[in-house]
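To start, the structure itself, in C-alpha cells.
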Amino acid sequence: MTEKTLTNGTKVLIRKLSRPEIKECRKHVKVRNFPDGSHLLEGVHESQEAWINKGLGGLGDWVAKNGEVVPDDIVLQLTDEEQVELAILIKESQVINPTKPLSSD
C-alpha cells in the first residue's frame, strides 16, 4: 500500500488495484452526446465511489484487514470535496507502466 496525505492533512493508505479492478472502476463513466454538440458525463459519482471502495486501504485509524471494503461511516467522515480528492489520489496511484500512468478518461 502507498501512503498519501489529503490537503486537510488526513493520511490515507491506497491499495494497488488489479487490471480488472481498474476496469471495473472506469466503466461507470459514460459520455452522452447531444445533436447540438453538447456533452453530458453520467456515472461520475458511481465511478468515484468505486475508486474509493476498491482502492482505499486505510483512513485515519481505520486500516483494511484481509481485503476488507471501507465501511460507509469511515468514508462519510470526509466532505464531498475530500472524497473527490481521495478518488483522484487513488486513481492516480494506479500505475501499469511506471513511466506512464493511466489516462484520466
Side-chain angles (χ1 to χ4, degrees):
M1 283 198 250
T2 304
E3 185 176 298
K4 299 281 185 175
T5 305
L6 300 178
T7 54
N8 69 0
T10 301
K11 299 220 183 278
V12 296
L13 293 175
I14 298 175
R15 291 185 338 103
K16 174 76 173 134
L17 300 179
S18 67
R19 288 178 56 228
E21 288 174 316
I22 292 170
K23 185 177 180 179
E24 174 69 26
C25 293
R26 296 175 81 191
K27 78 174 190 176
H28 295 280
V29 177
K30 306 284 186 241
V31 178
R32 182 183 287 185
N33 297 308
F34 295 99
D36 67 358
S38 63
H39 310 286
L40 174 68
L41 288 176
E42 296 177 333
V44 174
H45 186 71
E46 290 83 358
S47 179
Q48 173 185 304
E49 285 184 358
W51 284 107
I52 292 172
N53 286 337
K54 291 190 181 296
L56 184 60
L59 175 68
D61 294 334
W62 176 82
V63 177
K65 296 173 185 72
N66 299 323
E68 174 187 20
V69 175
V70 60
D72 287 343
D73 62 319
I74 299 297
V75 176
L76 293 175
Q77 294 175 20
L78 300 173
T79 65
D80 286 341
E81 292 81 12
E82 291 164 344
Q83 289 180 36
V84 169
E85 179 185 3
L86 175 58
I88 291 169
L89 278 176
I90 292 169
K91 186 176 182 180
E92 289 175 346
S93 295
Q94 307 308 313
V95 178
I96 292 175
N97 178 341
T99 60
K100 183 180 178 194
L102 294 173
S103 66
S104 60
D105 56 25

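Residue indices begin at 1 and follow the sequence shown. Please read these numbers as outputs of a predicted model, since none were measured by experiment.
Distance alone, capped at 3.5 Å, is enough to place a donor-acceptor pair between the Gln83 side chain and the Leu78 backbone. In terms of modelled atom types and a separation under 3.5 Å, the side chain of Glu85 and the main chain of Asn8 share no donor-acceptor contact. A donor-acceptor pair under 3.5 Å is formed between the side chain of Gln94 and the backbone N or O of Leu17. Put simply, the side chain of Glu92 never gets that close to the backbone of Leu89: no donor and acceptor are under 3.5 Å apart.
Counting heavy atoms from C-beta outward, Ile14 and Trp51 have side chains that stay 4.5 Å or more apart. In this structure, the side chains of Lys16 and Met1 stay at 4.5 Å or more apart for every pair of heavy atoms. Using a 4.5 Å heavy-atom cutoff, the side chains of Ser93 and Lys4 are in contact. Contact check for Val12 versus Leu6: side-chain heavy atoms found under the 4.5 Å cut-off.
In this structure, the separation between OG on Ser47 and CD on Glu24 is 10.0 Å, given to the nearest 0.5 Å. One distance of note links CZ of Arg15 with CG of Leu13; it measures 11.5 Å at 0.5 Å rounding. From Gln48, atom CD reaches atom CG of Asn53 across 10.5 Å, with rounding to the nearest 0.5 Å. To the nearest 0.5 Å, atom NZ of residue Lys30 and atom CG of residue Leu40 are 13.5 Å apart. Separation of atoms CH2 (Trp62) and CG (Leu56) is listed at 5.0 Å; rounding is to 0.5 Å. Atoms NE2 and NE2, from His45 and His28 in turn, are 11.5 Å apart once rounded to the nearest 0.5 Å.
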Could you go step by step and tell me if Arg32 and His39 meet the side-chain contact (heavy atoms from CB on, under 4.5 Å) rule? CA-CA 6 Å; Arg32 182 183 287 185; His39 310 286; over 6 Å; no
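Of all heavy-atom pairs between Val29 and Val44, the closest is CG2-CA, 4.2 Å.
Within a 6.0 Å sphere centred on CG of Asp61, heavy atoms belonging to other residues, nucleotides or ligands number 12 at most. Other residues, nucleotides and ligands place no more than 12 heavy atoms under 6.0 Å from the CG atom of Asp72.
Clustering ILVMFWY residues whenever any of their side-chain heavy atoms sit less than 4.5 angstrom apart, transitively, puts Val84 in a cluster other than the one holding Ile52. A continuous path of hydrophobic side-chain contacts links Ile74 to Leu86 [ILVMFWY only; heavy atoms under 4.5 Å].
Taking a cutoff of 4.0 Å between a charged side-chain nitrogen and a carboxylate oxygen, Glu21 and Lys54 do not qualify as a salt bridge.
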